[in-house]
Amino acid sequence: MALMKVFSRANLSFESGDGATLYDKDGKDYIDFTAGIGVNSLGHSNKTVKKAIFAQSEKLIHASNLYQNEAQEKLAKKICELLGREMYAFFCNSGCEANECAIKLARKYGATKFENKKYEIITLSNSFHGRTMATLQATGQDKFHPDCFAPYMDGFKFYDTIDEIIENIGDKTVAVMLELVQGEGGIKPLEVESVRKLARVLRDKGLLLITDEVQCGVYRTGEFVTSQLYGVKPCIITFAKGMAGGIPIGCCMSVGDWFGTGDHGSTFGGNHLAMSVGLAVLKKLEKLKKDGDLDKTIANFTKKLDKMVAKYPNLFIKRTGLGLMQGLVLKEASNLGKIYESAMKNGVLILKSGKDTIRFLPPLNISKAEIYEGFKRLEKALEEF
Ligand SMILES: *Cc1c(COP(=O)(O)O)cnc(C)c1O
């Protein structure tokens, strides 16, 4: 094989998609409750996405960051409008890059705004922040730190709870980075009151709250960002996955423009294609929210999940999550792989999260019929596995 074997791939490949339905090369259809791990926020072959790609590619795909780029300014303005705040944007191509930018930005802030240099970033033990060397070290989960990749970067600490984080904010601490809903660690929404308390503590000390909204942002949990749902105003917010409907994008938003010229950069980041598709996607999602369709879909999907928990009390402990970032927690972790396989065989795609949670990240515009069909297939998979 010509590919590095870093992924454990299912024996399945897709040729096309339409909405929340994918087709393999034999024409067999699958209901997609994964949206490419939260990427295809408007589903597959979406008209808005296709039109934006086509229109922009007819004009210009990339011209580099050596020149003015109105498309970046437009998308940055749209993001600020949806956040309801003035912030500065840096565009890149992925979630880990957005977090790298956040980490560098926090270090610059910590080195220049205090008498003693502050550089330490605290995260949660159960977190996931990416696969680059810095974001691996920001990721608290031990399984991401095998000895073969050592030495890791200094300047990161993790604790199990927000209260412990607050207790351990030290003289070197500059920022706390959190996923408000932990995506890879088992779809765990953090407790609202603890997050608010932490935000107050950090604000009073002049330190930074960073929310990694790579997975839980861009309407995934029902609001544009999950921090709006939590009623906190992070100093830095990172985005990626769902922001451009499948075109690679990453974005770091900050209350301060602390970098100087040359401090950071990206060759591909912020190219005209990603920016115009991102803008079209955000406008479409904003409308989906304003028209009430997103909230209806969330209510419907949640009801279906609650029904599954009620119907299979010996399989599931509970539903967990917010909006269309949901999980079903299994009583027996050993069933996770088997259910995942059985679902695939029965034509519905789900994700795993943590050791014991089935994860659902459907397209945000998934139809009622697709939700109905997906859960019908999932029930069949549960009966069979
Ligand atoms: C997926 C994810 C990342 C990493 O994003 P990549 O685009 O794979 O680099 C970082 N943080 C969170 C919360 C994620 O879910």
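The structure presented is a predicted model; accordingly, all values stated were derived computationally and were not measured. Just follow the structure's listing: the first ligand is 1, and inside any ligand the first atom is 1.
Taking the six-membered ring for Trp and thresholds of 30 and 60 degrees, Phe114 and Tyr109 have ring planes more than 60 degrees apart, a perpendicular arrangement. Ring planes of Phe90 and His264: tilted class, angle from 30 to 60°.
Which parts of ligand 1 touch Cys96 is read off a 4.0 Å heavy-atom cut-off, strictly below it: atoms 4 (C), 5 (O), 6 (P), 9 (O). For ligand 1, the atoms sitting less than 4.0 Å from at least one non-hydrogen atom of Asp212 are 10 (C), 11 (N), 12 (C), 13 (C), numbered in the order shown with element in parentheses. If you number the atoms of ligand 1 from 1 as listed, the ones under 4.0 Å from a heavy atom of Ser94 come out as 7 (O), 9 (O). Residue Asn99 approaches ligand 1 through these ligand atoms, each under 4.0 Å from one of its heavy atoms: 10 (C), 11 (N).
Taking the six-membered ring where the residue is Trp, the centroids of Phe144 and Phe149 are separated by 6.0 Å or more. Taking the six-membered ring for Trp and the full ring otherwise, Tyr340 and Phe385 have centroids separated by 6.0 Å or more.
The residues Asp163 and Lys197 are annotated as salt-bridged, a charged nitrogen and a carboxylate oxygen being separated by less than 4.0 angstrom.
Using a 4.0 Å threshold on non-hydrogen atoms, atom 8 (O) of ligand 1 does not count as touching the protein.
Annotation: Gly95 places an N or O atom under 3.5 Å from an N or O atom of ligand 1; distance criterion only. Ligand 1 has no nitrogen or oxygen under 3.5 angstrom from a nitrogen or oxygen of Val214.
By the criterion of a heavy-atom distance under 4.0 Å, the side chain of Glu179, and not its backbone, is placed next to ligand 1. Proximity of Lys241 to ligand 1, defined as any heavy-atom pair under 4.0 Å, is confined to the side chain (atoms from C-beta onward).
Under the rule for a side-chain contact (heavy atoms from CB on, under 4.5 Å), Lys51 has no partner lying at least two apart in sequence or in another chain.
The side-chain hydrogen bond (donor to acceptor under 3.5 Å, both in side chains) with Asn346 is formed by just one residue from the set Glu383, Lys380, Arg377; it is Lys380.
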